[in-house]
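Indexing begins at 1, ligand by ligand and atom by atom, following the structure's order.
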Amino acid sequence: MNLNLQRIAEENESALSDHQAHWDSFRSLRSYSDSFWEKCIHQLSAMQIAIPSWALGTGGTRFGRFPGGGEPRNLEEKIADVGALHALNGHCGSISLHIPWDIPDNADHIRQVAREWGIAFDAVNSNTFQDQTNQEHSYKFGSLAHTDAAVRQQAVEHNQQVIDYGRALGSKAITVWLSDGANFPGQQNFRRAFERTLASLQKIYGHLPNDWQMLVEYKPYEPNFYSTVIQDWGSSLLLASRLGPQAYSLVDLGHHLPNTNIEQIVSRLRMEGKLGGFHFNDSKYGDDDLTVGSIKPYQLFLIFLELLEGIETQSFAWMIDASHNVKDPLEDLLQSVDAILIAYAQALLVDREALYQAQEDNDVVMCQEIIQSAFRTDVRPLLAEIRHRAEAALHPLSLYRKLQIRQTLVNERGAKTLATGL
Ligand code: LRH
Ligand code: MN
């Protein structure tokens, strides 16, 4: 499949003088030293965001799904799509697989395909929220928390198998999200369900290679609408603490009730050394899985402000978890990655000493002025400079369209192909 990505350098050439002018005026307007900018460029260049294998096709809701054509038909084509994103913006260097939607039958071959595109394998995801054909026990009433030990054992073995698939690909983490819960009061005993989940997770934890992490993802509701066993950061932190040093909490931005202060949760989990990573997306109401930064960009900035707080340097799992109901999946993902980099860059511009002093002096007005002057900074020339240095596209989205990559994919794969996933 030729996506004309070699055209990136040519296209950059014609846009270079414009970029240089923007980059020069961007720096001239701010009293930061060159070494400060180089430090920012170093930190931001290292940001690699894992693309979810289940979000390379068009998503939908129970009310409908409107495929846009050219969707990847298999894992090789999904890796190619992530490779195209990475070539365009330089920040999508890994893919996060969901099992069994993306079983890597021939791991050597899949690793070879990924190497060709310069793509690594981030966390693998288990799935005990759907019944697979010829599955012995149903997950209708749960999986790791199920009242029936045989169902729990089946779910434990699935997660262990997911770890084995990940090991064969070089992944270093498993994300466990459980839909387990109840739709009605009285339907489930909260304590027994939690203790069964912990016991099941301990069996999975015991199967982790020493250099692996287990990311425990929480969610307040859906598909269960009264209670969820791992419903919030508290339950996730309790489990991660009881499981051991390789277990962490995973923060999916859409898994919070309206108006939850997510940046404070990030601060708490980080303080405990139990923040493992993120599923970035955005939402107005529920787990809407919308484009990152499309609804609450200020919240995203505040989350990065917390992530940069203090001295602890810890690597987090940076992943997107979105569903594209009306946008081209690749355009949506390019916008999401851009929004994450923008929030991170703006947070790096916050004068932390001045903020510290204003906070200690209870100068409430100045605290807001200091953080919002960073948030109101258009950092796009800085991010373009980083892409330019990485030989990615200065303007990924407009080039994606100019190269008519979607049309090429439709010609190659067909207008009606449907990718596995949600
Ligand atoms: C659950 C979730 C989880 C994935 C699924 C695709 O809502 O966020 O991370 O397994 O989406
Ligand atoms: Mn998620």
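Residue Trp101 has no nitrogen or oxygen atom sitting less than 3.5 Å from a nitrogen or oxygen atom of ligand 1, judged on distance alone. Note: no N/O pair closer than 3.5 Å links Trp54 and ligand 1 by distance alone. Taking distance alone, with nitrogen or oxygen atoms compared against 3.5 Å, Asn125 stays at or beyond that limit from ligand 1.
Heavy atoms of His98 come nearer than 4.0 angstrom to ligand 1 in at least one pair. Within the structure, ligand 1 has Asp252 among the residues with a heavy atom less than 4.0 angstrom away.
For the pair Phe26 and Arg380, the minimum side-chain heavy-atom distance is 4.5 Å or more.
In summary, the atoms of ligand 1 found under 4.0 Å from a heavy atom of His279, numbered by their order in the structure, are 9 (O). Ligand-side atoms of ligand 1 in range of Glu217: 2 (C), 3 (C), 8 (O), 9 (O), range being under 4.0 angstrom from any heavy atom.
For Glu217, the N, O or S atom closest to the Mn ion (ligand 2) goes by the atom name OE2. The Mn ion (ligand 2) is closest to atom ND1 of His279 (considering only N, O or S atoms). Among heteroatoms of the N, O or S kind in Asp252, OD2 lies nearest the Mn ion (ligand 2).
Contact between Ser267 and Glu306 at its shortest, heavy atoms only, is CB-OE1, 3.5 Å.
Glu157 and Lys203 are not joined by a salt bridge, as no carboxylate oxygen comes within less than 4.0 angstrom of a charged side-chain nitrogen. At a threshold of 4.0 Å, the pair Arg389-Glu385 counts as salt-bridged, since one of the basic side-chain nitrogens sits closer than that to a carboxylate oxygen. A salt bridge does not link Asp81 to Lys78: none of the charged nitrogens lies less than 4.0 Å from a carboxylate oxygen. Classification of Glu331 and Lys327 as a salt-bridged pair fails, no side-chain N sitting under 4.0 Å from a carboxylate O.
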